[in-house]
Amino acid sequence: MMVLVSITLAADGEPISTVLLIDTVWSVTRPEDRLEHLSARTGADCVHLGMFIRTASADEALVTAHEIWLRAATMSTTLQCLRNVSAASLRTIDIADRSFAKRQDI
């Protein structure tokens with residue numbers, strides 16, 4: 001199953017580059033994290049980070065996303081001004097292999 005976890009980060013100070021944020025998160029991600037896709041967008045005084053994690057449960061995805069974020073924030077002094085406000089599992093997405101086979105037939 002694929003789980004989308006959204007993390008809202010409060011920004012203190014200057015705006016953070018979403019490219020820097022994504023690059024830093026990818027750099028600390030481990031194969032066992034099973035992170036499939038990552039996105040970021042900025043809002044008013046906050047950054048929204050979306051992580052698609054392949055996992056067995058939504059709870060496991062939340063823990064993994066939080067661990068990834070802690071590694072990224074610890075590694076980068078630029079990201080340390082972002083505070084984790086909330087993390088929520090938005091939805092689970094069941095991606096069957098057959099959906100990819102259908103796509104190839106197009």
Side-chain angles (χ1 to χ4, degrees):
M1 143 173 62
M2 186 85 66
V3 177
L4 170 58
V5 177
S6 175
I7 299 176
T8 301
L9 304 161
D12 296 335
E14 295 187 29
I16 298 293
S17 161
T18 56
V19 173
L20 172 67
L21 176 60
I22 288 172
D23 285 350
T24 304
V25 171
W26 274 122
S27 73
V28 299
T29 300
R30 301 171 181 157
E32 60 268 20
D33 294 330
R34 298 175 311 278
L35 180 63
E36 295 287 329
H37 178 73
L38 183 63
S39 67
R41 64 180 171 85
T42 57
D45 299 326
C46 67
V47 176
H48 302 282
L49 186 61
M51 296 182 185
F52 282 92
I53 299 174
R54 185 172 300 280
T55 185
S57 72
D59 289 340
E60 184 181 327
L62 286 170
V63 169
T64 300
H66 185 70
E67 289 172 352
I68 293 170
W69 167 247
L70 288 178
R71 288 195 302 264
T74 301
M75 187 188 101
S76 172
T77 56
T78 304
L79 299 184
Q80 289 174 2
C81 69
L82 297 175
R83 289 176 285 114
N84 187 353
V85 175
S86 68
S89 170
L90 294 181
R91 62 183 168 185
T92 59
I93 302 168
D94 186 13
I95 301 177
D97 290 336
R98 57 183 157 70
S99 65
F100 293 111
K102 287 180 184 175
R103 185 111 172 123
Q104 291 172 356
D105 295 337
I106 295 174

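Nothing here was measured: the structure is a model prediction, and the numbers come from that model. Scope of the values below: all heavy atoms of this structure, side chains included, with no hydrogens, waters or symmetry mates.
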K.L.:
Closest heavy-atom contact between V28 and R71?
P.N.:
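Heavy atoms only, the tightest pair is O-NE, 3.1 Å.
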K.L.:
If you measure from CZ on R30 to CG on L35, what distance do you get to the nearest 0.5 Å?
P.N.:
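Answer for the CZ-CG pair, R30 versus L35, is 13.0 Å.
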K.L.:
Above 12 or not: heavy atoms from other molecules or residues under 6.0 Å from CG of D45?
P.N.:
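Atom CG in D45 is not packed in, count stays at 12 or less.
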K.L.:
Check the pair M51 / D33 against side-chain contact (heavy atoms from CB on, under 4.5 Å), numbers first and verdict last.
P.N.:
CA-CA 11 Å; M51 296 182 185; D33 294 330; over 6 Å; no
K.L.:
With hydrophobic residues grouped by side-chain heavy-atom distances under 4.5 Å, do W26 and I68 end up in a single group?
P.N.:
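Looking at the clustering, I68 is in the same group as W26.
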K.L.:
Go through L49 and L38 one step at a time and tell me if the side-chain contact (heavy atoms from CB on, under 4.5 Å) criterion holds.
P.N.:
CA-CA 7 Å; L49 186 61; L38 183 63; 3.6 Å; yes
K.L.:
Can you name the nearest heavy-atom pair linking A61 to T55, along with the distance?
P.N.:
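Scanning both residues, the minimum pair turns out to be CB-CG2, 3.6 Å.
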K.L.:
Looking at every non-hydrogen atom in both residues, tell me the closest pair between L21 and A40 and how far apart they are.
P.N.:
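For L21 versus A40, the nearest heavy atoms are CD2-CB, 3.9 Å.
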K.L.:
Membership question, hydrophobic clusters at under 4.5 Å side-chain separation (ILVMFWY): are V47 and I22 in the same one?
P.N.:
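Yes, because I22 and V47 connect within a single hydrophobic cluster, where side-chain heavy atoms sit under 4.5 Å apart.
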K.L.:
How far apart are the closest heavy atoms of A65 and V5, and which atoms are they?
P.N.:
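Looking at all heavy atoms of both residues, the shortest contact is CB-CG1, 3.7 Å.
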K.L.:
Please find the pair of heavy atoms, one from R34 and one from R54, that lie closest to each other, and give the distance.
P.N.:
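Minimum heavy-atom separation between R34 and R54: NE-O, 2.7 Å.
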K.L.:
Are I7 and L70 connected in the hydrophobic side-chain network, where two residues link if heavy atoms are under 4.5 Å apart?
P.N.:
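Hydrophobic grouping puts I7 apart from L70.
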K.L.:
Kindly compute the distance separating OG1 (T42) from CG (L9), expressed to the nearest 0.5 Å.
P.N.:
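These two atoms lie 12.0 Å from each other.
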K.L.:
Identify the two heavy atoms, one from A72 and one from L79, that lie closest to each other, and give their separation to 0.1 Å.
P.N.:
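Heavy atoms of A72 and L79 come nearest at O-CD1, 4.0 Å.
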K.L.:
Quick one: does V19's side chain get under 4.5 Å of D23's, heavy atoms only?
P.N.:
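Heavy-atom side-chain distance check passes, below 4.5 Å.
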K.L.:
Below 4.5 Å, heavy atoms only, C-beta onward: do T78 and I16 meet side chain to side chain?
P.N.:
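Yes - at least one pair of side-chain heavy atoms lies under 4.5 Å apart.
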K.L.:
I need the F52 CZ to E36 CD distance, nearest 0.5 Å.
P.N.:
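Going from the CZ atom of F52 to the CD atom of E36 covers 10.5 Å.
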